[in-house]
Each structure stands twice: as C-alpha cells, then as structure tokens.
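Notes for the one structure printed next.
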There are 2 protein chains.
Amino acid sequence: MQIADVPAGISLGETVGPQVYRLLRRRIIQAELLPGERLSESEVAKTLSVSRQPVREAFIKLSEEGLVQVLPQRGTFVTKISVAAVMDARFVREAIEADVVRLIAESREPDAVDELRRQVVEQKKVPHNDRSAFLRLDELFHHTLAASAGKSYAWNVIESVKAQMDRVRFLSVDDMHVTRLIDQHERIVEAIATNDQAGAEQAMRLHLREILNSLPEIAGSRAELFDRS
Amino acid sequence: MQIADVPAGISLGETVGPQVYRLLRRRIIQAELLPGERLSESEVAKTLSVSRQPVREAFIKLSEEGLVQVLPQRGTFVTKISVAAVMDARFVREAIEADVVRLIAESREPDAVDELRRQVVEQKKVPHNDRSAFLRLDELFHHTLAASAGKSYAWNVIESVKAQMDRVRFLSVDDMHVTRLIDQHERIVEAIATNDQAGAEQAMRLHLREILNSLPEIAGSRAELFDRS
DNA sequence: TGCGATTAACTGGTATGGTAGTAGGGTAGG
DNA sequence: CCTACCCTACTACCATACCAGTTAATCGCA
C-alpha cells in the first residue's frame with residue numbers, strides 16, 4: 001500500500017519523476033487527493049518546487065494505473081473509484097497469488113515458512129486501532145510470499161494492480177475485521193507448511209475475496225468517491 | 001504481438017509519445033533492434049523528426065516492460081532477452097489466463113464459443129510459412145478469450161507481460177509447431193463448450209507451457225541475443 | 001613506447017519556452 | 001430576455017535550452 005514513509009518533499013538524491021509519482025500515488029490512495037479533483041501539471045510543479053517535466057511523467061504513470069485520467073488540453077483528474085476496476089484488479093491479483101502459494105506449497109522451504117509464521121505473530125501484536133501498521137505488515141506478508149516463490153517480477157505486477165484495491169481498503173475502517181484477515185494469513189501459512197497445495201490456493205482465494213464483502217457497503221456509504229454504480 | 005501494421009513514421013493525428021513507444025516496441029520484439037544495441041534519445045528523435053521529449057516517455061515505458069534499460073548519463077540499451085524474465089512473464093500469464101478460461105467455461109456463452117470456433121478455423125487456413133499471420137490470429141484468440149470473460153483489464157496486464165515472451169516467439173521459426181498450437185486452441189475451446197472448467201484450465205496451462213519446450217533451444221542457438229544463461 | 005591525467009563529446013535529467021486546443025464567461029445582437 | 005458568438009485564460013503537448021555526470025580518446029610526460 002506504499003504506506004512506507006515517503007518524504008513530504010522532493011529529495012535530491014534520486015531522480016525527481018518517480019518521487020513525484022510515489023508522492024501523488026500515496027496521496028490518491030489515502031484519499032488526500034479526492035476523486036474528481038483536478039491536478040494541474042504546473043500547479044503540482046510549483047507546489048513541489050520542481051519543473052513540469054517530471055510531474056508530467058508522474059501523471060503518465062498514474063494514468064496507466066488508472067489513478068488519474070489525462071484529458072489533453074483539458075486537464076488531469078483523479079479518477080473516481082470504479083467498482084468494476086477494483087474487481088478486475090482483484091481478479092488478476094487472485095489469479096497470480098493463487099499460483100504463487102501453490103508454488104511455495106509444492107517446493108517447501110522451511111525458512112520461508114518460519115519467516116511467514118514470524119510475520120503472522122507480528123501482525124497479531126499490532127494494536128487494533130493502528131490500521132496503517134497492519135496494512136504495512138499485510139503488504140510485507142504478500143510480498144514475502146511472492147519472493148519465497150522466486151517470483152519477484154510477479155510481485156511487481158501485483159503491486160501495480162493493487163493500487164485500485166488499496167484505495168478501497170484505505171476507506172475500510174472496520175477494525176475487528178483485521179483479526180479475521182490475520183486468521184486467513186495463518187491458514188495460508190499452515191497449508192503451505194503441510195505442503196497442501198490445494199488448501200493453500202483455496203485459502204488465498206478466500207482471503208483475497210474478503211474485499212468483495214466490504215466493497216458494496218463502502219461504495220454505498222462513500223458514494224461521492226465512486227464512479228456511478 | 002503488436003504485429004498490427006504500424007505506420008513507419010509518426011503521424012500527426014495522435015499524440016507522439018505513444019506512437020514512438022509502439023514503434024520501438026515492435027522493432028525490439030521483432031529483433032530489428034538487437035539486444036545490447038544502444039538507443040540514444042537524441043538520435044531516435046532526429047530519426048523520427050520529433051523532439052527528445054516523447055522519445056524519452058517511450059523509453060520510460062519500454063524500461064518498465066523490461067525491453068530497454070536506462071542508465072542515467074550513460075545510455076539506453078535494448079535489454080538482452082532474459083530466460084528468467086521470460087519464465088516470470090510466462091508464469092504470470094498462465095495464472096491469469098487459467099482463471100480466465102475457468103470463468104468462461106463456468107458461465108457458458110454460446111456466442112463466445114461460436115466466435116472462438118470460427119477463429120480456430122481461420123487459424124487452420126493460414127499458410128504454414130506465414131508466421132506473422134498466425135501470430136496475429138493467436139493474439140486475437142487470447143484477446144477474445146479475455147474479452148469473453150469480461151476481463152479486458154486483465155488483457156491489458158497480459159499484453160504488457162507478453163512482450164518478453166513475444167521476443168522469443170518471434171525467433172521461433174519451426175512452422176510445423178503451429179498446427180500443434182492450433183490443436184491446443186481447439187482443445188481449449190471444446191472444453192469451454194462442454195463447461196469443463198478443469199479441462200479448460202489444464203488445456204490452457206499446457207498451451208502456455210509450450211514456450212518452455214522451445215526456449216532452451218532458441219537460447220542456445222541464438223545465444224548472442226540472450227543474457228548470460 | 002607505455003601510461004596517466006586532462007579534456008572534449010555525449011548521455012539522460014531537468015527546466016523553460018512556445019503552440020494548438022478546450023472551456024467558460026461576458027457581450028452584442030435578435 | 002434569450003441566444004449565439006467571441007475572447008480570455010487555462011490545459012496538456014511538443015520543442016528547445018541547460019545541466020551534471022559519464023566515457024573515451026588524446027595529449028603530455030616518463
């Protein structure tokens with residue numbers, strides 16, 4: 001969820017374009033920049049004290065992820081959250097991660113299981129009200145799964161696709177829900193530990209379908225953030 | 001495989017950046033631009049009679065697909081084909097398309113099956129020596145599958161991921177192989193027609209694993225195009 | 001002749017200038 | 001009063017200029 005602390009401004013050590021991209025991406029996902037809001041190349045550039053050029057590159061990349069819409073000679077706008085887009089992204093993610101856990105369960109690596117178990121313990125320690133801490137650990141967990149399967153490229157795809165889902169998850173405030181998600185993590189890990197490929201796959205699919213439960217509710221209560229649906 | 005005819009130059013009707021991107025992408029996949037070759041922003045710009053700006057945007061997008069590598073202050077180079085990258089891409093593609101055909105087989109749509117059968121017939125008509133014609137139809141076939149499942153976004157992901165595989169496929173010249181691929185298409189369609197989800201999934205997975213057979217041979221015979229392996 | 005330091009040419013990254021095109025407000029005409 | 005037009009202000013897109021950093025070749029010296 002890219003919750004990782006990002007400097008508020010722009011640092012000089014790295015190229016500017018990607019920095020602007022990550023900054024805007026985080027602000028869109030965290031709903032600081034609201035759907036429908038207008039973003040101007042020159043305005044953003046002025047605010048961040050950079051030129052329009054890197055801002056433009058950031059806009060292009062954001063538009064490829066579906067977070068903004070660039071209308072030539074008209075303006076660039078934060079997209080409203082599209083239920084269809086969220087479900088499409090979820091579908092792709094489920095497909096990939098289902099095969100990932102299958103792969104891990106097949107070629108068991110005790111080290112990976114140990115690390116995953118350790119992470120689940122860590123997740124349980126998180127205070128129930130600290131949502132962003134959990135989201136960070138959740139991202140780490142799924143990333144570790146992909147890495148354990150030796151599929152770090154697949155993780156890149158997931159990370160890009162995840163953006164749409166993360167926008168929704170950030171709005172989801174029900175804290176009690178977190179324990180449920182951690183339980184699901186635990187089931188995935190234990191299925192992997194016992195080389196239960198089908199079980200691991202099913203557990204993962206179930207886990208990633210959780211968002212389908214909360215989505216309609218959120219889309220209803222925060223209708224102004226969603227694309228007509 | 002983006003074999004679709006692309007104008008040799010740059011037209012004025014559309015924004016320039018994406019045009020340059022598609023042009024270079026096609027030339028890399030078709031091995032007109034060879035792995036290791038140096039691409040200069042200014043040189044490409046001069047050749048196409050555009051400014052460096054859109055060329056730069058194209059380079060960025062190509063680097064995200066892993067087709068070029070941008071080394072700041074040093075140069076931009078066409079990446080060598082990486083066997084690992086091809087297999088990673090293949091893994092992601094298999095995961096997504098496996099779920100796609102499952103979905104179609106589940107919710108049978110006679111129209112889709114008819115269209116797919118028609119396409120298979122068309123594929124059989126292609127002369128055995130016209131490789132690019134088959135590759136076009138193959139791309140259409142897989143695109144139609146995704147569209148039939150209502151997952152056009154998933155197709156976008158596949159299209160991006162496919163680039164690495166297409167570089168290899170373009171080098172694969174064994175014509176006889178084509179009939180085998182068409183047979184596999186046929187099996188996929190017939191499994192869908194009988195609502196055989198598991199069968200369709202397995203047929204698709206087998207189909208997408210074909211490249212694993214030819215990959216080692218190609219990587220051996222055209223070693224200069226591949227990253228040390 | 002061989003080797004090291006210097007420099008000139010070139011790279012991508014950033015900043016800025018210029019252009020076609022859109023949108024919206026205000027005004028003139030019916 | 002309503003409508004149609006124009007004009008201004010803004011947009012993203014493209015082109016150009018400048019910069020820091022890398023590379024490689026050449027020149028000077030041992």
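Every chain is numbered from 1, with letters handed out A, B, ... down the list of sequences. Hydrogens, waters and symmetry mates play no part in the numbers below; they use all other heavy atoms, side chains included.
Within the structure, every side-chain polar atom (N or O) of S51(A) is placed at least 4.0 Å from both OP1 and OP2 of dT14(C). The shortest distance between the side-chain N/O atoms of R56(A) and the OP1/OP2 oxygens of dC14(D) is below 4.0 Å. Distances shorter than 4.0 Å separate some side-chain N or O of S40(A) from OP1 or OP2 on dT11(D).
A heavy atom lying under 4.0 Å from DNA chain D marks the following residues of residues 67-77 of chain A, by number: V70(A), L71(A), P72(A), Q73(A), R74(A), G75(A), T76(A).
For the pair L48(B) CG and dA15(D) P, the interatomic distance rounds to 11 Å; values are reported in whole Å. Atom P of nucleotide dT16(C) and atom CZ of R52(A) are separated by 9 Å, given to the nearest angstrom. Atoms CD (Q53(A)) and C1' (dG18(C)) sit 14 Å apart, rounded to a whole Å. Rounded to whole angstrom, the span from the CG atom of L62(B) across to the C1' atom of dG12(C) amounts to 15 Å. dG21(D) atom C1' lies 17 Å from atom CD of E14(A), rounded to whole Å. In this structure, CD of E57(A) is placed 15 Å from P of dA12(D), rounded to the nearest angstrom. Rounded to an integer number of Å, the gap from E41(A) CD to dT16(C) C1' is 13 Å.
A side-chain donor-acceptor contact under 3.5 Å links Q119(B) and T144(B). No side-chain N or O of H207(B) forms a donor-acceptor pair with one of E97(B) less than 3.5 Å apart. For the residue pair Y21(B) / E65(B), a side-chain donor-acceptor distance below 3.5 Å is found, with atom types taken as modelled.
The two residues M87(B) and L212(B) make their nearest non-hydrogen contact at CE-CD2, 4.1 Å.
Among the atoms of the strands shown, none is found under 4.0 Å from any heavy atom of I60(B).
Contact of the R167(B) side chain with the K80(B) side chain is not registered, since no non-hydrogen atoms from C-beta on lie closer than 4.5 Å.
At a threshold of 4.0 Å, the pair R38(A)-E43(A) does not count as salt-bridged, since none of the basic side-chain nitrogens sits closer than that to a carboxylate oxygen. A salt bridge is absent between E37(A) and R27(A); no separation between the charged side-chain nitrogens and carboxylate oxygens falls under 4.0 Å.
Ranking dA15(D), dT11(D), dT11(C) by closeness to the V50(B) side chain, first place goes to dA15(D).
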